[in-house]
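In what follows, a single structure is set out as structure tokens and then discussed.
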Amino acid sequence: TSDLTMDICTKMQQEFGLEANMHLTCTNMPAEKVDEALEGAKAAGIANIVALRGDPPAGEDAWEATEGGFTCALDLIKHIRAKHGDFFCLSTAGYPEGHPNVIAPVEDVESLSASEKARLVTV
């Protein structure tokens, strides 16, 4: 899937002149594979990354972190920033009603802790 994502985004950018928003998930992605994807994105001129935890792999009921990978989008975002600074424009997605694994409704964004706010780059 990650190779297909890179191929589609590269084609969008280079052949059609569109701004790609490459999705990068934590699912089945150890840090080394994430780094390869980011280097490929840089080489292709892709600067927009949608950082996501991702869904469980097909056929799996529960999501589990990959050994040597990341447990959530925040960890992925921190890794990208540590390795690439502000090169990439990062977006993410969230659950306004609370993540299905840990439902905690958000009544007021201002009431979120700094850690919780750090998880939201763009929603």
Side-chain angles (χ1 to χ4, degrees):
T1 303
S2 59
D3 290 337
L4 179 59
T5 298
M6 181 62 68
D7 292 345
I8 290 170
C9 289
T10 300
K11 188 171 190 166
M12 286 174 57
Q13 290 267 137
Q14 296 177 355
E15 293 184 30
F16 298 107
L18 301 171
E19 284 292 323
N21 289 294
M22 189 174 95
H23 289 201
L24 188 59
T25 72
C26 301
T27 304
N28 294 331
M29 294 288 284
E32 298 80 23
K33 197 168 181 179
V34 167
D35 292 339
E36 288 174 21
L38 293 169
E39 289 304 324
K42 266 188 176 180
I46 299 166
N48 299 318
I49 303 292
V50 181
L52 305 163
R53 185 200 73 174
D55 294 324
E60 298 290 325
D61 291 330
W63 188 91
E64 291 184 26
T66 299
E67 186 174 333
F70 308 97
T71 59
C72 63
L74 177 59
D75 293 341
L76 180 57
I77 289 167
K78 286 179 178 180
H79 177 80
I80 294 168
R81 287 288 183 234
K83 292 270 188 166
H84 299 280
D86 289 334
F87 178 84
F88 292 106
C89 176
L90 300 176
S91 297
T92 192
Y95 295 86
E97 70 282 0
H99 191 277
N101 293 352
V102 185
I103 301 294
V106 175
E107 299 296 328
D108 178 21
V109 173
E110 295 306 314
S111 69
L112 296 175
S113 69
S115 174
E116 291 167 325
K117 287 180 183 176
R119 295 179 192 148
L120 304 176
V121 178
T122 304
V123 177

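Computed from a predicted model, the values in this text were never measured in an experiment.
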Minimum heavy-atom separation for [X] and [Y], please, with both atom names.
X   : Y   : answer
A62 : P56 : O-CB, 3.7 Å
A20 : N48 : O-CB, 3.2 Å
T66 : M29 : OG1-N, 3.6 Å
H84 : E39 : CE1-OE2, 3.1 Å
I49 : F88 : CG1-CD2, 3.5 Å
V34 : F70 : CG2-CE1, 3.7 Å

Check: Got more than 12 heavy atoms from elsewhere within 6.0 Å of NZ, K83?
Finding: no

From [X] atom [atom1] to [Y] atom [atom2], the distance as rounded to the nearest 0.5 Å:
X   : Y   : atom1 : atom2 : answer
L52 : C72 : CG    : SG    : 11.5 Å
K11 : M6  : NZ    : CE    : 15.5 Å
C9  : N21 : SG    : CG    : 8.0 Å
L76 : R81 : CG    : CZ    : 11.0 Å

Donor-acceptor pair, [X] side chain versus [Y] backbone, under 3.5 Å?
X   : Y   : result
T25 : G54 : no
E67 : P30 : no
T27 : R53 : yes
T92 : A51 : yes

Next item on the list: In sequence, state the C-alpha distance, the side-chain angles, and the governing distance for L74 and K78, and then conclude on side chain to side chain contact (heavy atoms under 4.5 Å, CB included).
Entry: CA-CA 6 Å; L74 177 59; K78 286 179 178 180; 3.9 Å; yes

Next item on the list: Go through the steps for T5 and M22 under the test side chain to side chain contact (heavy atoms under 4.5 Å, CB included), then give the verdict.
Entry: CA-CA 7 Å; T5 298; M22 189 174 95; 3.6 Å; yes

Check: After noting the C-alpha distance and the side-chain angles of I8 and M12, does the key distance pass the side chain to side chain contact (heavy atoms under 4.5 Å, CB included) rule?
Finding: CA-CA 6 Å; I8 290 170; M12 286 174 57; 4.0 Å; yes

Checklist line | Same cluster (ILVMFWY, side-chain, under 4.5 Å), L24 and F87 | finding: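 Yes.
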
Notebook entry, point to check: Tell me, do E15 and T10 make a side-chain contact under 4.5 Å, heavy atoms counted?
Noted result: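 Sidechains of T10 and E15: no contact.
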
